[in-house]
Amino acid sequence: MKRRDFVRKASLSSFATLIGAEIVFASKMVDGYIPLALQDPDPFKLFNKNKGMVVLNDKPWNIEAQAHLLDDPITPNAKMFIRNNGLVPQKINAETWTLTVDGESVINKKTYSLAELKSKFEQYTYQLTLECGGNGRSEFDPPAKGNQWTVGAVHCATWTGVRLRDILNDAGIKDNAIYIGYHAVDQHLSLDPTKEPISRGCPISKAIQDETILAFKMNGEDIPIAHGYPLRLVAGGWPASVSGKWINRISIRNKVHDGTKMMGTAYRVPCESVAPGSKVKDEDMCIIESMPVKSLITFPKSGAVIKKGESLKISGHAWAGELEVSKMEYSIDFGSTWNNCIVANPPNRLAWQRFTASIDFPKKGYYEVWARATDTNGTAQPMLLPGWNPKGYLNNACHRIAVKVK
Ligand SMILES: Nc1nc2c(c(=O)[nH]1)N[C@H]1C(S)=C(S)[C@@H](COP(=O)(O)O)O[C@H]1N2
Ligand SMILES: [Mo]
């Protein structure tokens, strides 16, 4: 019903764009009629996603990958999870798009066109890991409300754009600045124009890192609409909620940004660990910053069957928020003993690292391959579910796959 109201507002020309053809008898269509072709949009076609992706929610669209889809060193669009808090914008005009830099702590409020951003500032390309803070939520007990992500809310694409730092400096950052907050054009599910689905941010120290960029390209092409066309903030290694899509405003704040989903329990965990199921007061919740060390076996798919005498080549990716992964191990005996994998250096800071190993099994039978990454601080992934928290964030437990040797 709400969706219908929304669609009613969309113009006929945007219907035609979405359908990919002119609606020949459009003038005969009753006001508010939704063309059949749009009544049940196929998300795989709509967003060009791989058929193996799993739709967790359609209002708003939330779609996750499966571990075995994430084997590409650079994640292609077809295999990138989508996480939306509101509605994907329908009509975007890159020609007239602007970015405004404002806030209590901006020296000169400024507005840039996309063309200005591209010509005025140097462009950089980085490969950046974006993982949803709620990735792995489905494992928590008592369960946490929200999309029940398993392991597939992570991707590592390349992003091309301008450094946020260069833009902030161009507008001028006052000495009292401590945070930035983003604003975007996606609509709240209620369609109430005064509400934002999400408006998050990060401390200035993260905002001015080399790799924090305002991107207009993903994997060398225009960013797909679902991933933030025409302008997206990308802040690798932090909960992907910091990486605002469809950005048209950045505020330089003299306090911690107080936008939607910055407060209460949103993207926060108890500052001190709590017993599962506890009620935690808002003031005892801390904002998630760098994501914890984690890894995923992306080849083979769980359930692989190999012949006795064959060795199994596994591969996957490991990442560690602001840090690097210093060690990657696998176990085939339920964690009793561990062997080293080969881990590649990241192509750049904040990109995931590829690991490989060749595994020999002693005899026929059922095995599990468990994978464990350790970051440069010496912190390893837990084998079991880590600290319970009210919203089910930061599950970085070891990934495992089943293997049969016949
Ligand atoms: N404008 C806007 N930006 C957003 C969101 C959103 O709903 N609206 N979702 C955030 C969250 S919670 C995540 S996990 C990432 C998901 O990025 P992706 O859909 O490109 O994978 O986008 C972030 N940026
Ligand atoms: Mo997220």
Side-chain angles (χ1 to χ4, degrees), residues 43 46-50 53-57 59-65 69-70 75-90 92 97 99 128-138 144-159 161 180-190 195-202 212 214-219 222-250 257 259-262 265-269 287-288 291 391-395:
L46 197 59
F47 302 119
N48 267 313
K49 294 294 171 186
N50 181 288
M53 301 289 284
V54 180
V55 177
L56 300 183
N57 193 351
K59 291 180 192 81
W61 287 112
N62 283 283
I63 300 176
E64 81 166 325
L69 295 177
L70 294 171
T75 320
N77 172 59
K79 300 167 182 177
M80 288 172 68
F81 80 94
I82 298 177
R83 195 303 185 230
N84 292 325
N85 291 266
L87 299 164
V88 177
Q90 305 265 328
I92 283 183
W97 191 272
L99 172 79
L128 297 164
T129 307
L130 294 185
E131 181 182 15
C132 178
N135 197 19
R137 175 179 290 139
S138 62
K145 282 203 202 107
N147 291 291
Q148 296 300 302
W149 304 106
T150 64
V151 296
V154 60
H155 48 60
C156 195
T158 67
W159 298 92
I180 64 105
Y182 68 72
H183 298 276
V185 306
D186 46 337
Q187 267 182 302
H188 194 269
L189 289 177
S190 66
K195 286 190 182 160
E196 291 177 292
I198 189 167
S199 167
R200 302 201 68 240
C202 61
T212 302
L214 278 168
F216 32 75
K217 279 188 185 301
M218 187 189 95
N219 294 340
D222 279 350
I223 301 174
I225 179 75
H227 295 290
Y229 178 82
L231 193 65
R232 175 179 201 166
L233 178 62
V234 192
W238 284 42
S241 51
V242 176
S243 295
K245 307 191 270 192
W246 314 294
I247 295 292
N248 66 352
R249 184 156 69 96
I250 300 267
H257 182 57
T260 307
K261 306 223 169 167
M262 282 301 296
T265 52
Y267 302 102
R268 290 179 185 235
V269 291
I287 299 174
I288 302 169
M291 292 292 285
K391 285 288 194 80
Y393 296 122
L394 306 185
N395 175 4

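Each ligand, and each atom within it, is numbered from 1 in the order the structure gives.
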Determine whether [X] and [Y] make a side-chain contact, defined as any pair of heavy atoms from C-beta on separated by less than 4.5 Å.
X	Y	value
K195	S190	yes
M262	S199	no
L231	N248	no

Heavy-atom contacts under 4.0 Å between [X] and ligand 1: side chain, backbone, both, or neither?
X	value
W246	side chain
A184	side chain
S243	backbone
I198	side chain
Y267	side chain

For [atom], grab the closest protein heavy atom and report residue, atom and distance to one decimal in Å.
atom	result
atom 8 (N) of ligand 1	D186 OD2, 2.7 Å
atom 23 (C) of ligand 1	A240 O, 3.3 Å
atom 5 (C) of ligand 1	N85 ND2, 3.7 Å
atom 19 (O) of ligand 1	K245 NZ, 2.5 Å
atom 11 (C) of ligand 1	S241 CA, 3.6 Å

Measuring from atom 22 (O) of ligand 1, which candidate in E64, H227, R232 has the nearest non-hydrogen atom? R232

Which atoms of ligand 1 are found less than 4.0 Å from any heavy atom of [X]?
X	value
G244	3 (N), 24 (N)
C132	14 (S)
N84	7 (O)
H155	18 (P), 20 (O), 21 (O)

At what distance, to the nearest 0.5 angstrom, does [atom1] of [X] lie from [atom2] of [Y]?
X	Y	atom1	atom2	result
N135	N147	CG	CG	11.0 Å
R137	Q148	CZ	CD	7.0 Å
L99	I247	CG	CD1	8.0 Å

Only counting residues at least two apart or in another chain, list the ones meeting ring-ring contact (aromatic ring centres under 6.0 Å, His included) with F47. W61

Could you pull out the closest heavy-atom pair between P197 and D186, with the gap in Å? CD-O, 3.3 Å

Does ligand 1 have an atom that lies less than 4.0 angstrom from a heavy atom of L130? no

Side-chain donor/acceptor of [X] to backbone N/O of [Y], under 3.5 Å:
X	Y	value
T129	G237	no
K49	M80	yes
N62	N84	yes

Taking distance alone, with N or O pairs closer than 3.5 Å, would you say F81 contacts ligand 1? yes

